[in-house]
Amino acid sequence: MRLHIKLSSTRKAVTLIEVVIDMAILSLISTVVIMAMASSIKTVNQSSRVAAAGQLVNEKLEHIRNLSYDSLATQNGPIVPQGNILDQESVTRDKFQFVVHTDIRYVDDAYDSLVGSGDLNPADYKRVTITVLDTDSSVLATLSTDIASRAAETASNTGVLKLKVLDANGSPVPDATIVLTNASVNPPVNVTTTTDAAGGVFIPNLTPAGNYHIVASKVNYSSDSTTPISVANPSPTNPDATILLQQPTEVTLSIDLTSSLTINITGVVVFGGDAALVGQKLIGQNPDVVKNQVLFVINPIVQISNLEFDSYNITPPIGFFIKTCSPTLPIIVSPNSAITVNCDFTIDPTDVRISNINPNQFTAAAGVSIEISGANLTLPEFSLQRGSDAEIPFNTGLTVGQNNTLVSGTVDFSALTLGSYDLIYRDAQGHTARQTEAIVIE
């Protein structure tokens with residue numbers, strides 16, 4: 001009897017384990033089946049969405065084909081006078097939400113020469129492009145067609161704007177957004193379009209007049225524009241465009257990917273005060289008007305983003321002075337770069353300061369010319385140090401000039417080995433300035 005009870009308990013225990021294993025296997029199989037079904041439903045749903053988008057793009061293009069040629073213009077597009085067709089609209093089709101983008105622009109065909117090469121009316125025909133996008137801006141369908149007028153093109157009492165957008169290397173920037181405005185003509189001009197694969201766009205049929213303001217931009221890029229004449233800027237370097245009768249007006253703008261800058265500031269205990277990062281690009285001359293200026297507060301770490309390619313100097317707040325910066329000023333910001341600059345500040349106006357070394361790369365030779373600029377440079381005595389090596393003094397051949405702001409002369413670097421050297425300066429009052437990696441021996 002006791003033996004029978006023990007055997008029965010053992011069988012119950014084994015049965016319970018089997019049930020748990022079976023449940024786990026069933027759960028795993030169910031999960032796989034559910035995931036497969038969900039993936040299948042998602043695929044079917046996406047296929048239905050793409051099919052609906054394809055049907056929609058065909059309907060929109062067919063509707064465009066049935067309109068008159070003169071009415072083929074969007075509300076904000078590059079064809080002037082502008083029409084009633086929406087540049088962008090939200091459409092619901094088969095329970096799916098879409099964004100429809102319509103682009104209509106003139107095409108300058110090479111068969112009768114191009115604008116700028118003798119073609120006085122480059123509006124040869126119109127190109128219509130319909131793009132259907134998902135709500136996440138992904139392209140689901142796109143179609144394009146060319147539509148010509150029944151009548152031959154003729155010269156008119158208008159002019160043409162021919163725009164080129166280039167990057168920092170002079171290469172074309174496609175898909176840049178172009179905004180052209182002029183409130184002084186009738187009707188007012190307010191055009192939004194994009195550059196083609198060659199970074200260009202032309203806009204014909206513009207009323208001959210001045211004050212055509214042009215802005216070029218792109219996501220993650222800097223922007224560039226023409227500049228209106230004003231009291232503050234009476235002589236712009238690239239003024240707002242003037243459209244001439246039956247002539248092309250050519251304008252070039254420059255944009256590129258933006259960069260970031262980190263400035264590590266040492267040498268002062270109390271921070272605060274507004275400083276300025278000032279670029280060297282000008283949008284006006286006589287007087288000079290800089291294009292890029294960024295204000296920032298003096299802190300141990302300053303981070304500046306979305307910075308345009310340019311060469312920048314730092315203007316410290318009143319009462320602050322820059323002893324050294326590594327690399328030396330100006331800060332050269334290239335497109336799509338992340339730059340770190342280490343600057344040593346002081347609040348002592350009598351402290352020595354080193355702002356620039358020109359040149360800063362040398363061969364190991366005698367009789368090389370050098371200029372060291374800064375402030376309070378009362379003695380022609382410097383030394384060089386590579387890493388933790390002993391300092392190497394050099395002063396022979398140097399003289400102080402320009403109110404203690406410049407030390408220049410011919411020095412002997414023939415004993416130096418290859419590498420980067422810190423430049424160290426000490427005056428008679430005990431002030432010291434160290435410009436790290438200031439001189440490179442190649």
Side-chain angles (χ1 to χ4, degrees), residues 165-168 173 176-177 179 181 213-240 251-268 271-347 353-356 373-375 405:
V165 179
L166 306 176
D167 64 15
V173 180
T177 298
V179 178
T181 55
H213 186 64
I214 312 163
V215 180
S217 62
K218 190 174 181 177
V219 176
N220 297 325
Y221 277 61
S222 58
S223 64
D224 196 13
S225 67
T226 58
T227 305
I229 296 174
S230 63
V231 175
N233 191 359
S235 303
T237 56
N238 195 7
D240 284 350
V251 176
T252 301
L253 299 177
S254 180
I255 65 175
D256 212 320
L257 290 164
T258 56
S259 301
S260 63
L261 172 65
T262 300
I263 307 174
N264 297 317
I265 297 177
T266 58
V268 291
F271 292 91
D274 291 331
L277 186 70
V278 183
Q280 295 185 359
K281 288 183 181 179
L282 299 179
I283 58 172
Q285 293 179 313
N286 299 318
D288 288 350
V289 181
V290 298
K291 180 183 182 184
N292 301 307
Q293 179 169 304
V294 181
L295 299 179
F296 64 92
V297 177
I298 296 295
N299 280 306
I301 300 177
V302 176
Q303 293 182 323
I304 301 173
S305 58
N306 300 321
L307 202 58
E308 180 176 353
F309 64 99
D310 199 348
S311 295
Y312 293 87
N313 282 297
I314 299 175
T315 302
I318 296 176
F320 287 77
F321 305 92
I322 301 175
K323 289 187 65 173
T324 61
C325 275
S326 180
T328 57
L329 300 176
I331 304 166
I332 300 174
V333 176
S334 301
N336 196 28
S337 59
I339 301 168
T340 298
V341 177
N342 301 306
C343 291
D344 187 20
F345 276 54
T346 181
I347 58 174
R353 307 196 291 272
I354 299 174
S355 58
N356 193 261
S373 56
T405 63

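If you read the sequence from its start, that first residue is 1, and numbering goes on from there.
When all heavy atoms are compared, the tightest approach of Ala176 to Ile255 is CB-CD1, 4.1 Å. What you find for Pro287 and Ala232 is that their closest heavy atoms are CG-O, 4.4 Å. Here the shortest heavy-atom pairing between Glu308 and Ser222 reads CG-CB, 3.6 Å. Taking all atoms of both residues into account, the shortest heavy-atom contact from Pro317 to Ala275 is CD-CB, 3.8 Å. Here the closest non-hydrogen pair linking Phe309 and Ser334 is CB-C, 4.2 Å.
Here the side chains of Thr181 and Val215 are not in contact, with every heavy-atom distance at 4.5 Å or above. Under the 4.5 Å side-chain criterion, counting only non-hydrogen atoms from C-beta, Leu277 is in contact with Leu307. With a 4.5 Å cut-off on side-chain heavy atoms, Val290 and Asn292 do not count as touching. Using a 4.5 Å cut-off on side-chain heavy atoms (C-beta onward), Ile314 and Phe296 make contact. For the pair Ser225/His213, a side-chain contact is recorded, criterion being any heavy-atom separation below 4.5 Å from C-beta on. Contact of the Val289 side chain with the Thr227 side chain is not registered, since no non-hydrogen atoms from C-beta on lie closer than 4.5 Å. For the pair Phe345 and Thr266, the minimum side-chain heavy-atom distance is 4.5 Å or more. Using a 4.5 Å cut-off on side-chain heavy atoms (C-beta onward), Ile332 and Ser311 make contact.
The only member of Asp224, Thr237, Asp310 that meets side-chain hydrogen bond (donor to acceptor under 3.5 Å, both in side chains) when paired with Lys291 is Asp224. The side-chain contact (heavy atoms from CB on, under 4.5 Å) test with Ile265 singles out one residue from Asp344, Val302, Asn342, and that residue is Val302. With Asp256 as reference, Asp167 is the one residue of Val173, Asp167, Asn336, Asn220 to meet the side-chain contact (heavy atoms from CB on, under 4.5 Å) rule. For the side-chain contact (heavy atoms from CB on, under 4.5 Å) with Pro236, the qualifying choice from Ile283, Leu282, Ile229 is Ile229, the only one to do so.
Put simply, SG on Cys343 and CD1 on Ile331 are 6.0 Å apart, with the number rounded to the nearest 0.5 Å. Rounding to the nearest 0.5 Å places OG1 of Thr324 at 7.0 Å from CD1 of Ile354. Expressed to the nearest 0.5 Å, how far CG of Leu253 lies from CG of Asn238 amounts to 6.0 Å. Going from atom OG1 of Thr346 over to atom CZ of Phe321 covers 8.0 Å, rounded to the nearest 0.5 Å. Considering CD of Gln293 and OH of Tyr312, their distance stands at 10.5 Å, rounded to 0.5 Å. In this structure, OG1 in Thr315 is found 14.0 Å from CZ in Phe320, a value given to the nearest 0.5 Å.
Between the Ser355 side chain and the Ser373 main chain, a donor and an acceptor come within less than 3.5 Å of each other. Side chain of Thr328 to main chain of Asn356: no donor-acceptor pair is present (N/O by atom type, distance under 3.5 Å, no hydrogens or angles).
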**Study point:** Intermediate values then yes/no, side-chain hydrogen bond (donor to acceptor under 3.5 Å, both in side chains), Ser259 and Ser337
**Key:** CA-CA 5 Å; Ser259 301; Ser337 59; 3.2 Å; yes
Exercise for review: Please step through side-chain hydrogen bond (donor to acceptor under 3.5 Å, both in side chains) for the pair Asp240 and Thr226, ending with a clear verdict.
Suggested key: CA-CA 5 Å; Asp240 284 350; Thr226 58; 2.7 Å; yes
